[in-house]
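Written out below as structure tokens is the structure these notes cover.
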There are 2 protein chains.
Amino acid sequence: MAEKEKVTIYDISEKLGISAATVSRALNNNSKISLKTRELVLKTAAEMNYKQNRLAQALKSGKTNNVGVIVPYINRNFFSSVIRGIEEELSPHGYHVIICQSHEDVQNEIKQVNTLLNTQVDGIFMSVAKTTQDTAHIQKAVAENTPLVFFDRKKNVPGLSSVTIDDYRGGYLATEHLIKQGCKRIAHFSGDLDVEIYKNRHAGYLAAMKDYKVKAIEKFSIQVNSKLESGASAVKNLWSYDEKPDAIFSASDYAALGAIQELRKMKVKIPSEVCVVGFSNEPFTKYMELPITSVDQTPVEMGRNAAKVFLEQIEGSKTLTIEKKVVLAPELYIRDSSNRKL
Amino acid sequence: MAEKEKVTIYDISEKLGISAATVSRALNNNSKISLKTRELVLKTAAEMNYKQNRLAQALKSGKTNNVGVIVPYINRNFFSSVIRGIEEELSPHGYHVIICQSHEDVQNEIKQVNTLLNTQVDGIFMSVAKTTQDTAHIQKAVAENTPLVFFDRKKNVPGLSSVTIDDYRGGYLATEHLIKQGCKRIAHFSGDLDVEIYKNRHAGYLAAMKDYKVKAIEKFSIQVNSKLESGASAVKNLWSYDEKPDAIFSASDYAALGAIQELRKMKVKIPSEVCVVGFSNEPFTKYMELPITSVDQTPVEMGRNAAKVFLEQIEGSKTLTIEKKVVLAPELYIRDSSNRKL
DNA sequence: TTATATTTTGTAATCGATTGCACTAAAGTA
DNA sequence: TACTTTAGTGCAATCGATTACAAAATATAA
């Protein structure tokens, strides 16, 4: 009904008796055009409620002002926070953010990259799926000259930038803190060591142990996944040994929580007998009755930084590929689960 | 460098010595075209690695295959879960999801609606900002014939569909549960009663009280916001009275948690002396040592349903506007904070 | 075999904005 | 006055795909 007819530059040109080219030039505010015509056009355009057709513009220029973000799941606090950062940094520059989920599966990831490239996004942000090994689909972006920025979980692909946190440092900080609490037998719950971030957290743990001359007991390093049960069963496992840990540094907050719950059942006192530190600073960690110490990954900042890297890339000369590796400093939030000085 | 030349239908038509129109028809698989040519074209297209230019297509057809979602903040669990539902339902249909944040501010909301309409999205999903009163910007979508589906927080605009949960029922269920636990003096923490969802939860609370002939004490209804402190101070307030509540139904999980923390400080036993029920089923509620009973809003389902409504709208006849109000049933997750039968 | 119906294909316009090139008119120079 | 600049516009092609209409090719009927 109301079906507003869309106003085009042709409507304006007709109304003013000038060519559409002139209208376009006036609107774009640059070329050589007389002040008089420009003002007339701008005024008329406003009166007629003209709105640029961004599709036509995109077709002509090849620039869509859309970027894509690929994450495993959008409703994980960490990822949605990164996306928030990206959106807030990019939105003032006129970009729209398209979100895609890989469901932690390479096949989906490949599909998503392809459709994003096909819709001609101006850039792609991604945190790769845990299982991603081959990077052919990612290199396609390079081949098509579409900037791609990794965040958190990256792959080493020449020409591509990344924004990550210093997981090694995060692991180091957490472990150092435990050592300073007087802990001597510190266990580590790591994620899949084939995934870079977990490998680095583990390395940070080992480095701190070494620096402070605390013996790292091999069987105290246990691989878990991000589930409560996984942390719980790791604890059962550890407590079956004669020599029991007096601290746990878990690369996952969920596993840390599972561990705490299990320890409670076993009447082990936290933090006096065992200190626990998690990783990610999930919202729940600070709400617990026994708030959990955790390493914060500053996800919103990560998103903002990824966006900035993208903008530099776009605004810089197109031919020159800059490969920028931004590494953010994680922050340790010390809470009751590991604070003996209460 | 590699800068792959994009293959167009003209390249194919040239290679095969036929017209681009024929190629287009073969690709679109519909019109009358000989089987022979179609197969030849499809084969060649595949060989040449042809990819449709979605921009050109969008310009011609006016359909972008993009939809926009406007939420207050994307990194709130509820909203990101709804978005997940929308994405998962729409992605198989070839749609991309663009996300926008209103930051709970009408001015931003207006801006977002406008830029989404300007980029010609095929549809808009939104949960309005708390402060939104005027709906002129929303009616603009109606005027431009762009389907708009509200979820959770809606406005009454003729012609627009919505997917919400039955907040009234949620409030009723929570209150009924408390009554069945034997509670007689049930307090209610409500949100801003100008906001429909909070009004309805409140109404559900009152209705259950009435149905079960439990006296609703006026001063036991307190307006809070979604902050821990707000819940804590509401408790202080309530406990200054001679007659103290023996249950709290909070329309916010955060306020419920704040209340629990305050009650703990006051050495009030939960659930034996006071039962507490929250609303939203935030992830943290189930992780607490004293897990909190809460009303689940089935956000992913809400997103899926909103997407379905949109698809119906799109696929149905364009002229006929269907106004569909989907109301989902909330679910009460009973946990220790209100379960006396432990 | 010729006339007619039916497929199949091509031509050209269209979606809206941008831009190289050409042209006009006004200003500047000798 | 005659000639060169230069500012300001218009023309028309372009970005790629779609589609009404016309034309050609093929099939069917008489």
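Each chain gets a letter, A, B and so on, in the order its sequence line appears, and its residues count up from 1. We use all heavy atoms of the structure for the numbers below, so side chains are in, but hydrogens, waters and symmetry mates are not.
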Whether A:His103 and A:Tyr73 hold their rings parallel, tilted or perpendicular, with breakpoints at 30° and 60°: tilted

Could you check how far [atom1] of [X] sits from [atom2] of [N], rounded to whole Å?
X       : N      : atom1 : atom2 : result
B:Lys63 : D:dA17 : NZ    : C1'   : 15 Å
A:Glu14 : C:dG16 : CD    : C1'   : 14 Å
A:Ile33 : C:dT18 : CD1   : C1'   : 13 Å
A:Met48 : C:dG16 : CE    : P     : 13 Å
B:Leu40 : C:dT9  : CG    : P     : 10 Å
A:Leu27 : C:dA17 : CG    : C1'   : 10 Å

Sugar-phosphate, base or nothing in reach of B:Leu55, heavy atoms under 4.0 Å: nothing

Spacing of B:Gln297 atom CD and B:Ile197 atom CD1 [to the nearest 0.5 Å]: 7.0 Å

Spacing of CG belonging to A:Asn66 relative to CG belonging to A:Asp122, to within rounding of 0.5 Å: 7.0 Å

Look at the side-chain N and O atoms of [X] and state whether any lies under 4.0 Å from the OP1 or OP2 oxygen of [N].
X       : N      : result
A:Asn28 : C:dT18 : yes
B:Ser19 : C:dG10 : yes
A:Gln57 : C:dT18 : yes
B:Ser24 : D:dT18 : yes

Please list, pair by pair, any protein nitrogen or oxygen found under 3.5 Å from a nitrogen or oxygen in nucleotides 12-15 of chain C.
from   : atom 1 : to      : atom 2 : distance (Å)
C:dT14 : O2     : B:Lys60 : NZ     : 3.4

Comparing B:Lys51 and A:Ile18 on DNA chain D - which has the more 5′ nearest nucleotide: A:Ile18

Nearest non-hydrogen partners of A:Asn53 and B:Leu59, listed with the distance: ND2-CD1, 4.2 Å

Contact summary for A:Gln313 and A:Pro147, nearest pair of heavy atoms: CG-CB, 4.2 Å

Under 3.5 Å between N/O atoms: give me all the protein pairs with nucleotides 21-28 of chain D, atom names plus distance.
none

Donor-acceptor side-chain pairing of A:Lys154 and A:Asn156 below 3.5 angstrom: no

Cationic N near anionic O, under 4.0 Å, B:Glu47 to B:Lys43: yes

For A:Ala129, side-chain contact (heavy atoms from CB on, under 4.5 Å) partners two or more places apart: A:Ser102, A:Glu104, A:Glu109, A:Thr131, A:Thr132

